[in-house]
Amino acid sequence: MARRKRAFNRMPDAELLVMQGIWDEEAKGAVTVRASELIDANPDTIGQQKLTTVLTLLTRLTERGYVKVEKMGRSNLYSSAISEADYRKLATQDFVRNVCRQSTGSLLSALVAGGLIENEDIDELRTMVNQEEE
């Protein structure tokens, strides 16, 4: 049986941590960030990695098109090429399509059964659905 090529290229966990670090710095107002700044700003996650490892992850993210790199002297400055909201949307669509077999109902059932959704979340979903219907 032929394998279907996936349009979405999910980031491995280590790359996602670096990407989240970039998004966090951009949310604080940074336009670009150096690898060393990511390490310093995230001591419990990215900061556990060596600089060479973080640089390798940034290179991979750049090659995949998730990160833009700008040379400034001897330093590389990194910025996101995709917003966190856009990545989340693509990742969710991929998850529903490939893991939940196109069923958002099975996704919601899994969230409820796993205790991962609370009453406040359900109220928020109701509000969003009601707004869409209007």
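Under a 4.5 Å side-chain heavy-atom cut-off, the cluster of Ile, Leu, Val, Met, Phe, Trp and Tyr residues that includes M72 is completed by L77.
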Expected list for residues 126-134: side-chain donor-acceptor pairs under 3.5 angstrom, two or more places apart:
unit_1 : atom_1 : unit_2 : atom_2 : d
R126   : NH1    : D123   : OD1    : 3.3
T127   : OG1    : D123   : O      : 3.0
N130   : ND2    : R126   : O      : 3.3

Which pairs of donor and acceptor atoms, one on a side chain in residues 14-23, lie under 3.5 Å apart (sequence neighbours left out)?
unit_1 : atom_1 : unit_2 : atom_2 : d
E15    : OE1    : R64    : NE     : 3.1
W23    : NE1    : I82    : O      : 2.9

Using atom types as modelled, flag every donor-acceptor pair under 3.5 Å from a side chain in residues 27-44 to any protein atom, sequence neighbours excluded.
unit_1 : atom_1 : unit_2 : atom_2 : d
K28    : NZ     : E25    : OE2    : 3.2
E37    : OE1    : R34    : N      : 2.8
N42    : ND2    : L38    : O      : 2.9

May I have the list of side-chain donor-acceptor pairs in residues 110-122 shorter than 3.5 Å, sequence neighbours left out?
unit_1 : atom_1 : unit_2 : atom_2 : d
D121   : OD2    : E118   : N      : 2.9

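To the nearest 0.5 Å, atoms CD1 (I46) and OG1 (T53) are separated by 12.0 Å. Annotation: the span from Y78 atom OH to T59 atom OG1 amounts to 5.0 Å, rounded to 0.5 Å. Note: E70 CD to N76 CG = 9.5 Å, rounded to the nearest 0.5 Å.
For A81 against G65, the heavy-atom pair with the smallest separation is CB-O, 3.3 Å. When all heavy atoms of R10 and Y66 are compared, the closest pair comes out as N-OH, 4.4 Å.
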Notebook entry, point to check: Would E26 and S80 satisfy side chain to side chain donor-acceptor pair (under 3.5 Å), going step by step from the backbone distance to the final call?
Noted result: CA-CA 8 Å; E26 290 176 342; S80 64; 2.6 Å; yes

Next item on the list: Any chance you could lay out the side chain to side chain contact (heavy atoms under 4.5 Å, CB included) test for M11 and L61, step after step, and finish with the verdict?
Entry: CA-CA 8 Å; M11 288 181 225; L61 287 165; 3.7 Å; yes

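K89 pairs by the side-chain contact (heavy atoms from CB on, under 4.5 Å) definition with Q93, not counting sequence neighbours.
Distance alone, capped at 3.5 Å, is enough to place a donor-acceptor pair between the N98 side chain and the D94 backbone. Side-chain N or O atoms of S106 include one that pairs as donor or acceptor with a backbone N or O of C100 at under 3.5 Å.
Atom NZ of K71 has more than 12 neighbouring heavy atoms from other residues, nucleotides or ligands inside a 6.0 Å radius.
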